[in-house]
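Read the numbers this way: they start at 1 and go in the same order the structure lists the ligands and their atoms.
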Amino acid sequence: MKSKNQATLVLIKPDGLKKSLTGNILTRLSETKLEIVAAKIVCVSKELAEEHYRHLKDKPFFGELIHYIMGDLHNRKKVMALVYWGPDAITKVRQLAGSTNPEEADPTSIRGSYGRITTGGVYENVIHVSSSEEEANREIGLWFSPEEIIVNVESGSYKEPKPKIKK
Ligand code: IDP
Ligand code: MG
C-alpha cells in the first residue's frame, strides 16, 4: 500500500543555529528523501513561542523553554522554520530527530548527536519536529501562511507560480 503524503514542521532552534548545525541538520534530513516545500528564518515573538508550546504551559521549565525558542539563551533571536512533505513525513523526521531528552536519544540521531541538558533545566535539543498529524497541521498554520507553502498539502498538487516580481 502506498503511504500517505504528510507535511511536518521542522524548526532549527537557536542552539542549532548558534552551533552552525544548519547544514548538518539539513543533510541528515535529506536521508528521508522528503521534499522541502517551505522555508524561512523567523524572529520568534513571545506570543508565537507560547502558542507553539501551549501544551507545556504548566511545566516547571515552560518559562525557560519560551526564552530558549525565542533565542534569549543563545543570543540568536531567530529560528529556521521548514515544512517537509512526502510519504510518512511525520514518523520519518521524528525518527531522525530522536527522543526529546538528548541523553536518551539514539546517539546517531540529530538530538543524540548535538543536543545537551543544561543546568537551566531545559533540554537544548537543536531541532523541533511535529509529533502527530494534528500537531503538524496546527503548527504549520502557526508558522506559515498558506501562500508560503508550494504544495497544496491536502491535495498534494503543486501550486501555480505567482506572476509577482519584487521591486
Ligand atoms: P518534543 O520536542 O520531542 O516534541 P515536547 O514534549 O513537545 O517534546 O517538548 C518541547 C520541548 O520542551 C522539547 O523539545 C525540549 O526542548 C523541552 N522539554 C520537554 N520536556 C522537557 C523536560 O522534561 N525537561 C526539560 N526540557 C524539556
Ligand atoms: Mg512536541
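- Between Lys40 and Glu148, at least one side-chain nitrogen of the basic residue sits less than 4.0 Å from a carboxylate oxygen of the acidic one, meeting the salt-bridge criterion.
- Closest to atom 17 (C) of ligand 1, if we only count protein heavy atoms, is Leu65 CD1, 3.8 Å.
- Among protein heavy atoms, atom 6 (O) of ligand 1 sits closest to Leu56 CD2, 4.1 Å.
- Ile25 places a side-chain heavy atom less than 4.5 Å from the side chain of Ile127.
- Closest to atom 25 (C) of ligand 1, if we only count protein heavy atoms, is Gly121 O, 2.9 Å.
- Residue pairs that meet the salt bridge (charged side-chain N to carboxylate O under 4.0 Å, His left out) test with at least one member in residues 92-112, sequence neighbours left out, do not exist here.
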Take Ile110 and Leu29, measure what side chain to side chain contact (heavy atoms under 4.5 Å, CB included) needs, and give me the verdict at the end.
CA-CA 9 Å; Ile110 295 168; Leu29 289 170; 4.1 Å; yes
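- At a 3.5 angstrom cut-off on N or O pairs, Thr100 counts as close to ligand 1.
- For the pair Arg54 and Glu51, the salt-bridge criterion is met [side-chain N within less than 4.0 Å of a carboxylate O].
- The closest protein non-hydrogen atom to atom 20 (N) of ligand 1 is Phe61 CZ, 3.3 Å.
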Under the salt bridge (Lys or Arg N to Asp or Glu O under 4.0 Å) criterion, do Arg138 and Glu134 qualify, and how do the steps go?
CA-CA 6 Å; Arg138 185 184 90 85; Glu134 192 192 355; over 6 Å; no
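- Ligand 1 places these atoms under 4.0 Å from at least one heavy atom of Arg94: 1 (P), 3 (O), 4 (O).
- Using a 4.0 Å cut-off to heavy atoms of Asn125, the atoms of ligand 1 that qualify are 13 (C), 14 (O), 15 (C), 16 (O).
- Considering backbone and side-chain atoms alike, His128 places every N or O at 3.5 Å or more from each N or O of ligand 1.
- Of the heavy atoms in Ile117, none comes closer than 4.0 Å to ligand 1.
- Although no hydrogens or angles enter the test, the distance criterion places a donor-acceptor pair under 3.5 Å between the side chain of Ser113 and the main chain of Pro107.
- Of the listed residues (Val83, Ile140, Leu82), just one forms a side-chain contact (heavy atoms from CB on, under 4.5 Å) with Val37, and that residue is Val83.
- If you check which protein heavy atom lies closest to atom 26 (N) of ligand 1, you get Tyr123 N, 3.1 Å.
- Of all the atoms in ligand 1, the ones that sit under 4.0 Å from a non-hydrogen atom of Val122 are 25 (C), 26 (N).
- Using a cut-off of 4.0 Å between Lys/Arg side-chain N and Asp/Glu carboxylate O, Glu147 and Lys159 are scored as not salt-bridged.
- Contact annotation: for Lys13 versus ligand 1, heavy atoms closer than 4.0 Å belong to the side chain alone.
- A tilted orientation is assigned to the rings of Tyr68 and His74, their planes being inclined by 30° to 60°.
- With a heavy-atom cut-off of 4.0 Å, Arg111 touches ligand 1 through its side chain alone.
- Look at Ser131 and you'll find every heavy atom at least 4.0 Å from all atoms of ligand 1.
- The shell of residues lying under 4.0 angstrom from ligand 1, judged by heavy atoms, includes His55.
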